[in-house]
Amino acid sequence: MALPSPDPKFDLRGINAEVNCLHFSCMVQRPSQPLLFSGSSNGLVHVWNLSTRRAETVLSGHQEKSVYWLHTLHHNRELLLSQGRDLQICTWNLAEGRNEKIDSIPVESVGFCKCSLLKTESCLLAMPGRDSSQVQVLDLNSKKIVSSMKHCTDNEWGMAMCMKLWQPISGPSPLLLVGYEDGSVALWNVLEHRLMSRLTCHMEPVMSLDFDCLKARGASGSSERVLNVWSLDEQQNLKAYKTQELVNPGISDVVLRQDRKILATAGWDHRIRVFGWKSMKPLAVLQYHSAIVHCVSFSDHLTPEDRLLAAGSQDKLISLWSIYQNN
């Protein structure tokens with residue numbers, strides 16, 4: 001049984017819009033300050049100083065259209081990517097106190113599928129394509145599409161809903177996991193533009209997924225009352241692994257902590273749920289928000305005891321939780 005809910009360590013207010021996405025940048029040495037980026041339904045990106053608990057900067061570049069994905073390009077956080085409902089992925093220069101939009105990449109999909117970034121020798125960005133089930137991978141250095149993947153019968157799977165781009169330990173090609181509108185998860189070989197495996201995980205559209213490349217195991221959520229865990233065998237075939245029943249339906253976001261010990265979900269029932277990743281044992285149900293929780297994110301502080309879990313909600317608040325003492 002999950003433990004009773006603690007109180008959040010603190011919250012962040014004043015956004016005046018639904019909080020759709022969060023991204024931490026805390027892997028810094030003093031005097032640099034740990035930051036949290038938040039994207040909201042009014043098209044703004046807030047840059048929060050976690051030491052002062054105030055917004056240092058507010059970025060406006062999406063024509064008041066909802067921002068629903070954020071990611072820094074480098075650990076020095078001088079470059080930030082933001083994806084919005086204006087069908088643009090903006091690049092921001094934040095170096096030396098600047099907040100300039102220096103580039104914009106058009107997105108041809110009108111859906112809600114968030115991008116996925118893979119930082120290897122080059123920066124690769126997975127993004128939804130023009131056609132319903134199409135997904136593409138862009139080399140951010142050359143601005144060229146290096147792969148385009150699509151099921152031959154386009155309407156059968158429906159739209160791409162979520163994705164995770166990752167690099168296997170063996171093999172030259174990055175791999176891309178995509179959750180689709182029909183409830184399936186598919187694995188694509190990026191360099192060969194080839195479908196490797198597909199598994200029907202849900203009866204409803206896959207809203208979010210995350211993947212542990214070391215354990216070859218992933219998790220996904222939908223509007224259903226379940227969190228599904230699946231695995232990859234040695235032949236790269238997707239296999240059902242475990243179904244975790246939930247009290248209430250609806251998962252907006254699924255995120256693994258960086259150390260792969262715990263997993264958090266954002267719930268339509270206003271709650272954040274925390275599970276042990278090894279056994280999927282429920283560890284905590286965090287209750288604070290008064291509306292749907294849209295997103296969760298784990299911080300990347302260098303010191304484990306400083307690390308936080310953040311949640312953004314339809315109630316226009318961001319809650320921050322310290323759950324590291326015993327995990």
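These numbers come from the heavy atoms of this one structure, side chains and all, not from hydrogens, waters or symmetry mates. Note that the coordinates shown come from a computational prediction; the quantities given were computed from them, not determined experimentally.
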*Asks:* Got a sec, which residues hit side chain to side chain contact (heavy atoms under 4.5 Å, CB included) with L87, two or more places apart in sequence or on another chain?
*Replies:*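 Expected list: V110.
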
*Asks:* I'd like to know if D259 and R307 make a salt bridge, using a cut-off of under 4.0 Å between side-chain N and carboxylate O.
*Replies:*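 Salt bridge flag = no for R307 with D259.
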
*Asks:* Output every pair passing salt bridge (Lys or Arg N to Asp or Glu O under 4.0 Å) with a member in residues 217-230, not counting sequence neighbours, ordered by first then second residue.
*Replies:*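 Non-adjacent pairs meeting salt bridge (Lys or Arg N to Asp or Glu O under 4.0 Å): zero.
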
*Asks:* Mind checking the CD-CG spacing from E204 to D182? Nearest 0.5 Å is all I need.
*Replies:*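 Here the interatomic distance stands at 11.0 Å.
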
*Asks:* Would you say that I89 contacts L125 through its side chain, given a criterion of any heavy-atom pair below 4.5 Å between the two side chains?
*Replies:*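 Yes, side chains in contact.
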
*Asks:* Only one of H62, Q88, K101 clears side-chain hydrogen bond (donor to acceptor under 3.5 Å, both in side chains) with S82; which?
*Replies:*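 Between S82 and the candidates, side-chain hydrogen bond (donor to acceptor under 3.5 Å, both in side chains) is satisfied uniquely by H62.
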
*Asks:* Under the criterion side-chain contact (heavy atoms from CB on, under 4.5 Å), I'd like the reasoning laid out for C213 against Q167: C-alpha separation, chi angles, the key distance, then a yes or no.
*Replies:* CA-CA 8 Å; C213 59; Q167 179 69 52; over 6 Å; no

*Asks:* Return the set of residues passing salt bridge (Lys or Arg N to Asp or Glu O under 4.0 Å) with E96 (not counting sequence neighbours), or none when no residue passes.
*Replies:*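 Testing E96 for salt bridge (Lys or Arg N to Asp or Glu O under 4.0 Å), a comparison that skips the adjacent residues, returns R98.
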
*Asks:* Find the distance between CE (M161) and OG (S133) and round it off to the nearest 0.5 Å.
*Replies:*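 Separation between the atoms: 13.0 Å.
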
*Asks:* Under the 3.5 angstrom rule, does the side chain of E78 hit a backbone N or O of A95 as a donor-acceptor pair?
*Replies:*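 No, E78 side chain to A95 backbone: no donor-acceptor pair under 3.5 Å.
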
*Asks:* When you measure from the side chain of T72 to the backbone N and O of R77, does any donor-acceptor pair fall under 3.5 Å?
*Replies:*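 It does not hold such a pair.
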
*Asks:* For residues V226 and I251, report the shortest heavy-atom separation together with the two atoms involved.
*Replies:*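 Closest approach of V226 to I251, heavy atoms only: O-CD1, 3.8 Å.
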
*Asks:* Tell me every residue that passes salt bridge (Lys or Arg N to Asp or Glu O under 4.0 Å) with R260, counting only those two or more places apart in sequence or in another chain.
*Replies:*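 Partners of R260 by the salt bridge (Lys or Arg N to Asp or Glu O under 4.0 Å) criterion, ordered by chain and then number, come out as D212.
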
*Asks:* Quick one: CG on L177 to CG on L238, what's the gap to the nearest 0.5 Å?
*Replies:*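 One gets 6.5 Å once the value is rounded to the nearest 0.5 Å.
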
*Asks:* Atom NZ of residue position K114 - does it have more than 12 heavy atoms of other residues, nucleotides or ligands inside 6.0 Å?
*Replies:*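 Yes, because the 6.0 Å sphere around NZ of K114 holds more than 12 heavy atoms from other groups.
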
*Asks:* So L124 and D139, side-chain contact (heavy atoms from CB on, under 4.5 Å) or not? Walk me through it.
*Replies:* CA-CA 5 Å; L124 298 178; D139 185 316; 4.2 Å; yes

*Asks:* For G221, does its backbone N or O pair with a side-chain atom of S208 as donor and acceptor, under 3.5 Å?
*Replies:*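 Between the backbone of G221 and the side chain of S208 there is no qualifying donor-acceptor contact (under 3.5 Å).
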
*Asks:* Any sub-3.5 Å donor-acceptor pair from K215's side-chain atoms to S231's backbone N or O?
*Replies:*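 Between the backbone of S231 and the side chain of K215 there is no qualifying donor-acceptor contact (under 3.5 Å).
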
*Asks:* Indicate whether any N or O donor in one side chain lies under 3.5 Å from an N or O acceptor in the other, for S122 and N141.
*Replies:*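 N141 and S122 do not have a side-chain donor-acceptor pair below 3.5 Å.
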
*Asks:* Are any side-chain N or O atoms of S66 and backbone N or O atoms of R85, one a donor and one an acceptor, separated by less than 3.5 Å?
*Replies:*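 Here the side-chain-to-backbone pair does not exist.
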
*Asks:* If you count heavy atoms of other groups shown closer than 6.0 angstrom to CD of Q63, is the number above 12?
*Replies:*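 No, because the 6.0 Å sphere around CD of Q63 holds 12 heavy atoms or fewer from other groups.
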
*Asks:* Please determine whether residues V254 and L246 belong to a single hydrophobic cluster, defined as Ile, Leu, Val, Met, Phe, Trp and Tyr linked transitively by side-chain heavy-atom distances below 4.5 Å.
*Replies:*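 Per the 4.5 Å side-chain linkage, V254 and L246 are co-clustered.
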
*Asks:* Indicate, with yes or no, if the rings of H289 and H270 have centres closer together than 6.0 Å.
*Replies:*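 Aromatic pair excluded; centres sit 6.0 Å or further apart.
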
*Asks:* Is a side-chain donor-acceptor pair under 3.5 Å present for W157 with S184?
*Replies:*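 Note: S184 and W157 side chains miss the donor-acceptor criterion.
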
*Asks:* Got L12 and L36 here, is their nearest side-chain heavy-atom distance under 4.5 Å?
*Replies:*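 Yes; the side chains approach each other to less than 4.5 Å.
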
*Asks:* So, N20 side chain and G39 main chain: donor-acceptor pair closer than 3.5 Å or not?
*Replies:*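 No, the answer is negative, given that no donor and acceptor are paired below the 3.5 Å cut-off.
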
*Asks:* Under a single-linkage definition using a 4.5 Å side-chain heavy-atom cutoff for Ile, Leu, Val, Met, Phe, Trp and Tyr, are I145 and V107 assigned to the same hydrophobic cluster?
*Replies:*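 Yes, because I145 and V107 connect within a single hydrophobic cluster, where side-chain heavy atoms sit under 4.5 Å apart.
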
*Asks:* Spell out, as yes or no, whether a donor-acceptor pair under 3.5 Å connects the side chain of S223 to the backbone of G250.
*Replies:*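 No, because the side chain of S223 does not come within donor-acceptor range (under 3.5 Å) of the backbone of G250.
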
*Asks:* Please round to the nearest 0.5 Å and tell me the distance separating atom CG of L35 and atom CD of E56.
*Replies:*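 L35 atom CG to E56 atom CD measures 6.0 Å (nearest 0.5 Å).
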
*Asks:* Can you name the residues that form a salt bridge (Lys or Arg N to Asp or Glu O under 4.0 Å) with D11, not counting sequence neighbours?
*Replies:*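 Per chain and number, D11 pairs via salt bridge (Lys or Arg N to Asp or Glu O under 4.0 Å) with R13.
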
*Asks:* In Å and rounded to the nearest 0.5 Å, what is the OG to CD1 distance from S252 to I292?
*Replies:*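 Here the rounded value is 6.0 Å.
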
*Asks:* Can you say whether the rings of H23 and F37 are parallel (under 30°), tilted (30 to 60°) or perpendicular (over 60°)?
*Replies:*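 Judged by the thresholds at 30° and 60°, the geometry between H23 and F37 is parallel.
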
*Asks:* Kindly determine whether L73 and C123 satisfy side-chain contact (heavy atoms from CB on, under 4.5 Å), including the steps that lead there.
*Replies:* CA-CA 8 Å; L73 267 177; C123 285; 3.9 Å; yes

*Asks:* May I ask you to decide if R54's main-chain N or O and N49's side chain share a donor-acceptor pair within less than 3.5 Å?
*Replies:*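 Side chain of N49 to backbone of R54: no pair is present.
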
*Asks:* So, using salt bridge (Lys or Arg N to Asp or Glu O under 4.0 Å) as the criterion, who are the partners of E64 when residues are at least two apart?
*Replies:*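 Salt bridge (Lys or Arg N to Asp or Glu O under 4.0 Å) check on E64 returns nothing, list empty.
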
*Asks:* Taking S297 for its side chain and A310 for its backbone only, find out whether a donor-acceptor pair lies under 3.5 Å.
*Replies:*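 Flag not set: sc S297 to bb A310 has no pair under 3.5 Å.
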
*Asks:* Has R130 got more than 12 heavy atoms of other residues, nucleotides or ligands less than 6.0 Å from its CZ?
*Replies:*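 Open: at most 12 neighbouring heavy atoms sit under 6.0 Å from CZ of R130.
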
*Asks:* Can any side-chain N or O of D253 pair as donor or acceptor with the backbone N or O of A266 at less than 3.5 Å?
*Replies:*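 No; zero donor-acceptor contacts below 3.5 Å.
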
*Asks:* Could you tell me whether the side chain of V135 reaches within less than 4.5 Å of the side chain of L176, counting heavy atoms only?
*Replies:*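 In short, these two side chains touch, coming nearer than 4.5 Å.
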
*Asks:* With rounding to the nearest 0.5 Å, note down the distance linking CG in L59 to CG in N99.
*Replies:*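 These two atoms lie 5.5 Å from each other.
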
